[in-house]
Structure formats: C-alpha cells, structure tokens
Amino acid sequence: MSLDRGRHYLAIPGPSVVPDRVLSAMHRPAPNIYSGEILELVQGLIPDLKAVARTRHNAAIYISNGHGAWEAALSNTLSRGDRVLVLATGLFGLGWAEIARRLGAEVEIIEFDKHSDIDPVRVEQALAGDSAHRIRAVMVVHVDTSTSVRNDIRMVRRLMDAAGHPALLMVDCIASLACDRFEMDAWGVDVMVAASQKGLMTPPGVGFVFFNDKADAARENADCVTSYWDWRPRANPQDFYQYFGGTAPTHHLFALREALTMLLHEEGLNAVWDRHALLARAIWAAFDCWSQGGAAELNIPDPDKRSHAVTAVYIGAPEGTALRDWLSARAGVTLGIGLGMAPAGDPAWHGYFRIGHMGHVNAHMIMGVLGTIEAGMDALGIAYGPGGLSAAARVIARA
Ligand SMILES: *Cc1c(COP(=O)(O)O)cnc(C)c1O
C-alpha cells in the first residue's frame with residue numbers, strides 16, 4: 001500500500017523546499033523594470049545579501065546557478081596561465097577546479113579522503129612549496145555536498161597567513177550559506193560564491209559572488225574577465241539593468257526578498273544556524289543507533305566535520321537505491337542520490353544516499369524523514385540497531 005498522498009518532501013540537497021510564502025511572492029504580474037517597486041526592492045536586497053554573507057564588501061548577482069557563480073568568481077580574478085590551488089574534499093571541489101582549468105588556469109588539486117576534511121599538513125606543504133607565490137587563488141568548498149563534510153575555513157586562512165602567502169582565498173558556500181555558520185570578513189575570505197536554491201530557500205536560477213577589495217584589485221589585470229561576467233558593473237551599477245547585465249530576474253527577486261525577510265528579519269541568522277545544527281544532530285543521533293547492528297553509517301565519522309545542511313550516508317548496495325525508491329513511491333519523501341562516492345554504472349553506486357536538510361526545514365519534517373527511513377528499512381528487511389527515532393526525538397525535546 002502506498003502512503004505517498006499529502007505534501008511531498010523533496011529531501012535532496014538542493015533545490016531545497018521553497019516556503020509557500022516565497023512561492024506566493026512570485027505569483028504576480030511582471031513588474032516594470034525601468035522604474036518603480038523593483039528598483040527599490042533590489043536596493044534593499046543588497047545589504048541583506050551582504051548580511052547573510054557576513055561581509056561589508058561587494059555583492060554581485062548573476063542570473064545563473066552555482067556553476068555560473070563559480071565561473072564568475074574565477075573569470076574576474078584570473079588570467080590564462082595563472083596557477084590555482086584547489087583543496088578538494090568531494091565532487092564539488094573537483095567541479096570548480098574543472099571550471100578553472102577550462103578558463104586556462106594551471107590547476108593544482110590536492111584531493112583529500114572522502115570521509116574527512118582538509119588535512120592542514122598537505123596544505124602547508126603546498127603553500128611552502130610555492131615560494132615564488134605563483135598560486136593566485138586557493139579554492140575551497142565550505143560544505144562539499146557530495147561527502148557532506150564541512151571544512152574549517154579559518155584554518156585555511158591561518159595556514160595562508162602563516163606561510164605569508166598572498167593568494168586570494170575563495171570559498172564555495174553554495175550548500176552552506178544560511179545553514180552552517182559562515183563569516184566572510186571575520187574569517188578572511190576574499191571571494192565567496194553562493195546560489196539561491198539551497199539555504200536561501202528560493203528557486204534555482206540566481207547566483208551570487210561576494211568579493212572584497214583585494215579580490216577587486218585582482219580583477220584589474222584579470223584577462224579572463226568578459227563583459228557579461230564582469231562583477232564591477234553588477235556591484236556598482238550606474239543604471240539598474242547593470243545589476244543583472246540585462247533584464248532583471250524579476251520573479252526570483254520577489255522570491256528572494258521574501259526568503260531574506262524570513263531568514264534575517266523574522267528568524268534571525270543566528271537562530272537559523274542553530275536550527276540547522278539542532279536538526280542535524282537529531283539526524284546523527286538516529287544513525288548512531290541504527291548503525292549499531294546494521295549497515296547504515298554516516299559518511300563523515302567526526303561530528304565536528306559534518307555539515308548541518310546535508311548528510312551523506314552509506315547503507316550498502318543495492319539497499320541505498322532500494323530505500324530511496326521505497327521512500328518516494330510509498331512515503332512521499334525523496335532522498336538525494338549518492339554523489340561522487342562510487343562511479344555511476346558501478347553496482348556500488350546503489351549503496352549511498354543523502355538527506356538534504358537545508359533551508360525551510362523544521363522538527364516534524366526531520367522526524368518524518370527519519371521515521372520513513374526506519375519504515376523503509378523495516379519494509380526492505382535492512383538490519384538496523386534500535387532506538388534511532390527516540391534518540392532523534394530526545395535531541396529535539398532538549399532543544
Ligand atoms: C549545488 C552545489 C553546487 C552547484 O550548484 P548548481 O546550482 O547546481 O550549479 C556547487 N557547489 C556546491 C557546494 C553545491 O552544493
């Protein structure tokens with residue numbers, strides 16, 4: 001019997017659940033883009049975006065997904081032949097590296113274990129080995145959505161400072177922004193990229209690049225910069241259309257306005273971070289019990305290195321795929337596929353899944369995901385240790 005009627009929960013790590021209020025904000029006729037409300041709305045968005053990024057520096061908005069923001073960050077700072085150092089803790093670090101390579105950069109990648117964060121010793125060595133300071137940028141993903149690791153950005157900054165290395169520190173916060181604590185200025189980040197469809201609770205289609213004056217100085221000589229991706233007119237427009245290099249993404253802007261109001265002015269960013277941390281702990285508590293007597297285990301063993309926005313799980317093949325299929329067909333919940341843990345086409349690929357718990361999520365949604373995962377494991381005869389749901393409930397009860 002299927003119990004999938006009712007509201008479906010798309011529990012994948014992006015696009016995340018869009019609040020009804022955000023959807024409703026979009027349900028209106030197109031506004032004039034030459035005068036009136038939308039001009040003021042955008043002026044109000046910029047300080048709020050900077051507040052979410054915790055920066056007093058510059059914000060550029062792109063009509064793009066995260067890949068576009070990746071390319072924007074690099075094309076404004078690099079010239080062909082420039083060297084960049086990529087600290088890759090999963091598929092997304094490698095994806096950003098590939099964009100740098102296609103732009104003509106000389107890319108050095110340090111790939112870390114898929115179950116842990118950046119190893120400072122290897123970063124230290126790479127920086128020390130570059131005494132000529134040929135590396136122009138160090139690129140790091142804050143939360144790599146494939147492994148669900150959270151990297152320590154302050155640590156990377158400290159290593160660069162200790163080495164006296166002048167490279168730009170560039171951070172991908174596409175999965176983590178407004179979920180895991182991030183402080184662009186306080187942590188010494190020069191460039192940060194984000195996108196609308198994860199913690200920002202807005203449909204996919206808008207990307208963001210935040211950059212400080214040091215990064216903007218690199219833009220001066222960057223020969224990869226092109227007219228559309230140039231961040232200068234977007235961050236400092238003379239005319240309204242320059243914010244977007246053309247027509248404004250009108251309805252996305254209405255949506256983003258509503259989402260930022262909810263995050264910043266109603267809940268408050270600290271509370272948003274706390275909510276994600278607490279709900280993540282509830283998920284981990286369930287898996288701690290389930291894994292005592294079964295295969296289900298969290299991909300990142302150290303809780304201090306885990307994201308609060310996404311959780312990657314190994315449960316064995318083909319159980320991972322079977323469980324995802326069961327949840328979406330029978331229980332109205334879609335879990336995320338495993339990404340980057342095993343090659344597609346390899347039977348091992350079916351051993352992984354991810355839970356997206358970013359953005360508009362609350363206690364009953366998380367208990368619902370966990371409860372239906374336990375029901376699915378029961379239905380499919382997957383062994384698991386007892387007490388998972390009560391352990392999660394206890395975390396929530398004590399919040
Ligand atoms: C989702 C994601 C991306 C890619 O974003 P798209 O919008 O799919 O281009 C990049 N980096 C991280 C960390 C992500 O989570």
Side-chain angles (χ1 to χ4, degrees), residues 10-18 52-53 60-75 86-103 109 111-112 114 117-118 137-153 156 169-182 184 189 191-210 229 249 252 255-256 259 276 280 299-300 305-312 334-341 352-359 361:
L10 182 67
I12 69 174
S16 65
V17 172
V18 182
V52 178
I61 308 177
Y62 294 91
I63 301 181
S64 77
N65 54 21
H67 281 67
W70 271 350
E71 184 159 328
L74 297 173
S75 66
V86 178
L87 311 181
T89 48
L91 207 62
F92 288 92
L94 298 175
W96 201 8
E98 179 59 13
I99 298 221
R101 192 185 67 75
R102 295 282 301 273
L103 277 172
I109 300 176
E111 228 182 313
F112 299 91
K114 286 194 178 90
D117 65 334
I118 288 165
V138 175
M139 295 155 55
V140 195
V141 178
H142 185 211
V143 162
D144 200 300
T145 323
S146 59
T147 60
S148 71
V149 74
R150 185 182 64 237
N151 286 304
D152 183 348
I153 302 303
V156 178
L169 174 55
M170 297 195 181
V171 182
D172 168 348
C173 289
I174 296 172
S176 58
L177 193 70
C179 302
D180 289 273
R181 173 182 285 276
F182 176 81
M184 176 164 165
V189 173
V191 178
M192 187 269 274
V193 300
S196 54
Q197 79 272 21
K198 300 192 184 181
L200 296 180
M201 314 189 302
T202 296
V206 184
F208 309 95
V209 179
F210 300 89
W229 294 104
H252 275 78
L256 188 62
H276 281 85
N299 187 55
I300 304 295
K305 315 285 186 195
R306 290 179 195 150
S307 161
H308 298 159
V310 53
T311 297
T334 299
L335 298 172
I337 58 170
L339 212 53
M341 301 306 294
Y352 301 87
F353 67 87
R354 292 173 303 155
I355 305 171
H357 38 101
M358 45 181 55
V361 286

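Atoms within each ligand, like the ligands themselves, are counted from 1 in listed order.
Annotation: Trp70 places no N or O atom under 3.5 Å from an N or O atom of ligand 1; distance criterion only. Residue-to-ligand polar distances place Thr145 within reach of ligand 1: an N/O pair is separated by less than 3.5 Å.
Checking side-chain atoms of Arg354 against main-chain N and O of Gly336 turns up no donor-acceptor pair under 3.5 Å. A donor-acceptor pair under 3.5 Å links the side-chain atoms of His357 to the main chain of His308, judged by distance alone. In this structure a side-chain-to-backbone donor-acceptor pair under 3.5 Å is present from Asn299 to Thr147.
Close contacts of ligand 1 with Val141, meaning ligand atoms under 4.0 Å from a residue heavy atom, involve 13 (C). For ligand 1 and Gln197, the ligand atoms under 4.0 Å from any heavy atom of the residue are 6 (P), 7 (O). Short contacts between ligand 1 and Ile174, defined as distances under 4.0 Å to a heavy atom of the residue, involve ligand atoms 1 (C), 2 (C), 3 (C), 10 (C), 11 (N), 12 (C), 14 (C). For ligand 1 and Val143, the ligand atoms under 4.0 Å from any heavy atom of the residue are 13 (C). Each of the atoms 6 (P), 7 (O), 9 (O) of ligand 1 lies under 4.0 Å from some heavy atom of Asn65.
If you check which protein heavy atom lies closest to atom 6 (P) of ligand 1, you get Gly66 N, 3.3 Å. Closest protein heavy atom to atom 11 (N) of ligand 1: Asp172 OD2, 2.7 Å. For atom 14 (C) of ligand 1, the closest non-hydrogen atom on the protein side is Lys198 NZ, 3.0 Å. Scanning all protein heavy atoms for the shortest distance to atom 9 (O) of ligand 1 gives His67 ND1, 2.5 Å.
Minimum heavy-atom separation, Leu177 to Ala53: CD1-CA, 4.2 Å. Across all their heavy atoms, Leu74 and Met139 have their closest contact at CD2-SD, 3.7 Å. Heavy-atom minimum distance, Ser196 versus Gly205: OG-N, 3.6 Å.
A cation-pi geometry, defined here as NZ or CZ lying under 6.0 Å from the six-membered ring centre and within 45° of its normal, holds between Lys198 and Phe92.
With sequence neighbours excluded, the residues satisfying ring-ring contact (aromatic ring centres under 6.0 Å, His included) with Tyr352 are Tyr314.
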